[in-house]
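Each remark here refers to the structure printed beneath this line.
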Amino acid sequence: GVAVHAAGSEIAFAQSTADEYQVKAAFLLHFAQLVEWPPDAFSGSDNSLVLCTLENDALYDELMTTVEGRQAGLRAVQVRQVHLAQVAHSCNVVALSKGQGKRLPSILAALRNLPVLTVGETDDFLSSGGMIRFRIVNDKLRFDVNLTAADTSRLKISSQLLLLSNSVSRVGTKPER
């Protein structure tokens, strides 16, 4: 089962992968609700917020169950599984799993300056230009934020989300807390 603690950023879960995906999917929805995109970030006629995974990502099924059709502000959330070349043009949020490995720096470089929220889980994700990194600390899912990457892409991360984060940094500097 999933247990949510009052601290907000501390969510404990059993060691099963299904639980971990469920918690990550819930976090991704909250990230979408607590980030402000520039007006030109939404290209579709229906004004949806599009959350993407790359092909063959196991998180996709959980996102379809947990997040598809939910609201992020005034926008409906759509979940899509896309090929790498489509990300820049069709996604507002992209979740990048450990499986992207060696491709990660080039993926992040291609998205730099574009209004796409990048969320990942590798140790070097923030230093490679990612915006939010998941990590597990004492069986709890936590996340760290790289404000520089978000600023570069014209995304405004709410103070509420920053307060929930485990750490906030600007790449090239020490974390603020």
Side-chain angles (χ1 to χ4, degrees), residues 2-5 7-35 49-68 72 77 79-84 86-88 91-112 114 116-150 152-153 155 157 161-172 175 177:
V2 178
V4 180
H5 297 284
S9 64
E10 288 188 26
I11 295 186
F13 54 91
Q15 286 300 316
S16 90
T17 306
D19 283 346
E20 183 179 335
Y21 286 153
Q22 191 178 0
V23 174
K24 284 179 177 174
F27 264 117
L28 285 163
L29 177 62
H30 289 302
F31 295 161
Q33 293 166 335
L34 295 170
V35 170
L49 185 138
V50 183
L51 198 160
C52 299
T53 62
L54 294 185
E55 62 273 27
N56 304 320
D57 191 316
L59 184 59
Y60 174 76
D61 293 333
E62 186 60 51
L63 287 169
M64 285 300 293
T65 304
T66 308
V67 176
E68 175 73 19
V77 177
V79 175
R80 291 196 193 138
Q81 200 162 34
V82 298
H83 297 291
L84 185 54
Q86 297 171 288
V87 172
C91 303
N92 303 110
V93 181
V94 64
L96 299 163
S97 67
K98 286 185 180 114
Q100 302 309 323
K102 294 184 175 83
R103 296 196 310 168
L104 210 52
S106 60
I107 293 170
L108 291 170
L111 296 174
R112 193 164 289 135
L114 296 175
V116 177
L117 182 71
T118 54
V119 183
E121 56 190 6
T122 56
D123 290 343
D124 62 346
F125 189 75
L126 298 183
S127 61
S128 297
M131 296 175 199
I132 299 178
R133 177 184 70 138
F134 284 129
R135 62 192 176 110
I136 295 170
V137 182
N138 300 326
D139 291 340
K140 292 178 178 68
L141 189 65
R142 304 285 185 90
F143 62 94
D144 302 311
V145 176
N146 173 357
L147 272 181
T148 302
T152 302
S153 294
L155 299 181
I157 296 179
L161 187 58
L162 296 177
L163 286 171
L164 292 174
S165 69
N166 194 55
S167 73
V168 177
S169 62
R170 294 194 174 272
V171 161
R177 61 182 181 95

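All heavy atoms count here, side chains included; hydrogens, waters and symmetry mates do not.
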- Message: With side-chain contact (heavy atoms from CB on, under 4.5 Å) as the criterion, how do M131 and V145 come out once you've worked through the C-alpha distance, each side chain's angles and the decisive distance to 0.1 Å?
- Response: CA-CA 6 Å; M131 296 175 199; V145 176; over 6 Å; no

- Task: Run the numbers on V168 and L147 for side-chain contact (heavy atoms from CB on, under 4.5 Å), then give the verdict.
- Result: CA-CA 7 Å; V168 177; L147 272 181; 3.6 Å; yes

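Ion pairing between a basic and an acidic side chain is recognised when a charged N comes within 4.0 Å of a carboxylate O; R135 and D123 show no such pairing.
Atom CG of L104 and atom OG of S97 lie 9.0 Å apart (nearest 0.5 Å). Taking NZ of K140 as the start and CZ of R142 as the end, the distance is 6.5 Å to the nearest 0.5 Å. Taking CZ of F143 as the start and CG of L164 as the end, the distance is 5.0 Å to the nearest 0.5 Å.
For the side-chain contact (heavy atoms from CB on, under 4.5 Å) with L28, the qualifying choice from L117, L59, I132 is L59, the only one to do so. Applying side-chain contact (heavy atoms from CB on, under 4.5 Å) to L96 and the options I107, T53, T122 leaves one that passes, I107.
Summarising the geometry of A26 relative to T66, their closest heavy-atom pair is N-CG2, 4.3 Å, with the distance given to 0.1 Å.
Judged by distance alone, the side chain of Q33 and the main-chain N or O of A72 form no donor-acceptor pair under 3.5 Å. S153 contributes a side-chain N or O that, together with a main-chain N or O of L114, makes up a donor-acceptor pair within less than 3.5 Å.
Counting only N and O atoms by type, the side chains of N146 and S169 include no donor and acceptor under 3.5 Å apart. Q86 and H83 form no side-chain donor-acceptor contact under 3.5 Å, judged by distance and modelled atom types alone.
In summary, the aromatic rings of Y21 and Y60 are positioned with their centroids too far apart to meet the 6.0 Å limit.
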